[in-house]
4 protein chains.
Amino acid sequence: MRADAQRNRARILDAAETVFAELGPGGSTEEVARRAGVAVGTVFRHFPTKDDLLAAIMKRLLARLVAEAGELGGPDGLVRFLTSLVAQAAGKRSVVELLARSGIGLSLPDVVGNLRDAVAALLSQAQEAGTVSREVRLPEVMALLVSLCQGALHGGWDEQLRDRTLAVVFKGLEP
Amino acid sequence: MRADAQRNRARILDAAETVFAELGPGGSTEEVARRAGVAVGTVFRHFPTKDDLLAAIMKRLLARLVAEAGELGGPDGLVRFLTSLVAQAAGKRSVVELLARSGIGLSLPDVVGNLRDAVAALLSQAQEAGTVSREVRLPEVMALLVSLCQGALHGGWDEQLRDRTLAVVFKGLEP
Amino acid sequence: MRADAQRNRARILDAAETVFAELGPGGSTEEVARRAGVAVGTVFRHFPTKDDLLAAIMKRLLARLVAEAGELGGPDGLVRFLTSLVAQAAGKRSVVELLARSGIGLSLPDVVGNLRDAVAALLSQAQEAGTVSREVRLPEVMALLVSLCQGALHGGWDEQLRDRTLAVVFKGLEP
Amino acid sequence: MRADAQRNRARILDAAETVFAELGPGGSTEEVARRAGVAVGTVFRHFPTKDDLLAAIMKRLLARLVAEAGELGGPDGLVRFLTSLVAQAAGKRSVVELLARSGIGLSLPDVVGNLRDAVAALLSQAQEAGTVSREVRLPEVMALLVSLCQGALHGGWDEQLRDRTLAVVFKGLEP
DNA sequence: TATGAATGAGAGTTCATTCAT
DNA sequence: GATGAATGAACTCTCATTCAT
């Protein structure tokens, strides 16, 4: 791939992230192109389908999450990760909706898998440290993660409400 | 209103509930009409705007929830209500998305208010009975309610996952 | 025809005149029915087609004009009639547009004929009295009449402009 | 703009002129597209709104009129211009109706202003030459212009009637 | 006869996608 | 590779007209 193509790809992804964050998946491809400073055709050359574009955004965002999770660790790594995630969710309409949709039309098994692995690691560490009950298993942690992101996104929570809500969940995770 | 009009109104609402459950709020009015066995014009006569239709569905569903909440009570009323709600959520794409959107374009303050009141009552009772911690307040209960519905809806949870996820939350609510 | 039917017919015509005056021929039949205090079906029972309704309005209005023309007379009858007509035009969107459309889809030969006859009489009298040139013939008078009504209607003339414009035409009619 | 786009734009305007001339502003955008040999989307790409299309037609036609007026001049320039205008009016349903409507939803101040200026020039020249009375002012000339176009359009005048009608008006303009 | 709910063709408009330039 | 004009199906909504009540 040529250098400018690479650059375009990145600009398109950035623009798409912004557009879909603002307008939801209903945001138009044309708008994405406009903000990326390219023509529609270019968007479709890189991502043959709108869903491909959405999937690519997802992938990139999940990769970031995985990286972030990887950097955390220790007794309260899981708690901090969840907190950070939920705090971000409100501004990322697309991620959350896409995270939710994963499995429907989009295929992102590997990336979601990576996230799952990263969270699994955090969970283990927390359980080792005695911060989280050993009865808790990965699936429900993932389920809570998705739920809370959705809630934060759509609910318009302020910081206080977010903390109080997470507090309930975190207490539920304790041994 | 005439008897047949009343019947059509109900059929339209039923059809709309199904359609929007399957396709989300993006489902077309034409499809609603088709499944209701009426012409588009009839749908628009009853609900001048698509949003009016969505609002009407919401209203009906929330009213049902409120009624259901009203029938419950006692120490574990809140827990049972949340469980039932989350179990239903999976099939009701529109409700959940609309519940989340309430306050944006749709105006359903009274009905949402009613639900809030009903949940408040259940919360009080649970706290009186010592089932739920007195530190928990209504806003976070509502936030958890919405979050879990979203999660259940989009996550494709099976019964087991649902129970395990709720278990964490319920444990978090305990005194 | 029953008495109440007769009454409804009149109320519908009155309502239609108002509605079409305000909204032009684009005004909806439903709106006419609403203002007449009857149901749409009733409107269509009396006037099987929207065009029939428009034609009926036309007919009534032209009849009034004919009557008005009949009451005038003398040397300046024509001038006074034209002035009055143009003054009325601004408020009667439908009349003018319909008067213009006559011959297209609507068939109002007799009523238009009556108006033509009435104007012819005024013209003769004016010519007898030497107020209007004998070279002027009926067709151009009718043409001017229609033109000026249209102009007054769409142009938003104030009284002064109307008078100045008519002055030019009247001067053109002099011997 | 690309060459083919330019060509399409022109074809759309031509088609629109024809369609609206035949059917009035009620003519459908789809019909315009069909006659222009393009898809509806193309029409809307060039003219985002139907009113934009109508305005564009207006603009083009008025510009032509202004140009035509600019080429005329001399003692009988005004008379020749009005004659030519009225002769054209019959085939241009949309222009006339839009000219009348200008100021309502459409914004064409500059173009209408240009026409006004051009007519003002013709009027001055005619008054200088003694062909038109100095008492006549621009507003009533514009009013007559619009009125006569409307009349010619809707009245179905033949050439003879047109000339006789104009003769009256022209006589009214003389000193 | 009156009512007003139902009909359904059609209008304006949007947008993912294609393809000539 | 990039451009952006063209496509056309789909969508919401309107309204003259019909017909069961």
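Naming: A, B, ... by sequence-line order, numbering from 1 per chain.
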Leu13(C) and side chain to side chain contact (heavy atoms under 4.5 Å, CB included): which single residue from Ile57(C), Thr18(C), Val32(C), Asn8(C) fits? Ile57(C)

Between Lys50(D) and Pro25(D) (side chain of the first, backbone of the second, donor and acceptor by atom type, cut-off under 3.5 Å), is there such a pair? yes

Roughly how many Å is it from CZ in Phe20(B) to P in dC11(F), rounded to a whole number? 11 Å

Using a cut-off of less than 4.0 Å, is there contact between a side-chain N or O of Asn8(A) and OP1 or OP2 of dA2(F)? yes

In whole Å, I'd like the distance from the CZ atom of Arg34(B) to the C1' atom of dC11(F). 12 Å

Over how many whole Å does the gap from Arg9(C) atom CZ to dT1(E) atom C1' extend? 16 Å

Hey, does the side chain of Thr42(B) come within less than 4.0 Å of dA5(E)'s phosphate (OP1/OP2), counting only N and O? no

Nearest to the side chain of Asp4(D), heavy atoms from C-beta on, is which of dT13(E), dT17(E), dA5(F)? dA5(F)

Calculate the interatomic distance between Lys50(A) atom NZ and dA10(F) atom P; express it in whole Å. 16 Å

Assign each of Glu30(B) and Gly37(A) the nucleotide of DNA chain F bearing its closest heavy atom; nearer the 5' end lies the nucleotide of Gly37(A)

To the nearest angstrom, the CD1-P distance between Ile12(C) and dA16(F) comes to 15 Å

Are Asp4(D) and Arg9(D) within salt-bridge range, i.e. N to O under 4.0 Å? no

Does a nitrogen or oxygen in the side chain of Thr29(C) sit under 4.0 Å from OP1 or OP2 of dA16(F)? yes

Nearest whole Å is fine: how far is dC11(F) P from Glu31(B) CD? 9 Å

Heavy-atom nearest nucleotide on DNA chain F for Pro48(C) versus Val43(D): which residue maps closer to 5'? Val43(D)

In terms of the nearest nucleotide of DNA chain E, which residue is placed more toward the 5' end: Gly41(A) or Val40(D)? Val40(D)

Proximal nucleotide (of dT3(E), dT17(E), dC15(E)) relative to the Phe44(A) side chain: dT17(E)

Arg11(C) atom CZ is separated from dA2(E) atom P, nearest whole Å, by 12 Å

Evaluate salt bridge (Lys or Arg N to Asp or Glu O under 4.0 Å) for Asp52(A) paired with Lys59(A), printing each intermediate quantity in order. CA-CA 10 Å; Asp52(A) 290 335; Lys59(A) 208 164 169 177; over 6 Å; no

Identity of whatever pairs with dT21(F) - Watson-Crick or G-U, under 3.5 angstrom: dA2(E)

Closest nucleotide among dA16(E), dG1(F), dT3(F) to the Ala5(A) side chain: dG1(F)

Of all the nucleotides listed (dA16(F), dC11(F), dA11(E)), which has the minimum atom distance to the side chain of Ser28(D)? dA11(E)

Just how far, in rounded Å, is C1' of dA2(F) from CD of Gln6(A)? 16 Å

Can you tell me which nucleotide in dT3(F), dT7(F), dT17(F) comes closest to the side chain of Val38(D)? dT7(F)

Taking only N and O in the side chain of His46(B), is any of them less than 4.0 Å away from OP1 or OP2 of dA6(E)? yes

Looking at Glu22(B) and Arg35(B), is there a salt bridge between them, counting it only when a charged N and a carboxylate O are closer than 4.0 Å? yes

Whether Arg64(A) and Glu17(A) form a salt bridge (side-chain N of Lys/Arg under 4.0 Å from carboxylate O of Asp/Glu) is what I want to check. yes

Are OP1 or OP2 of dA2(E) and a side-chain N or O of Arg45(C) less than 4.0 angstrom apart? yes

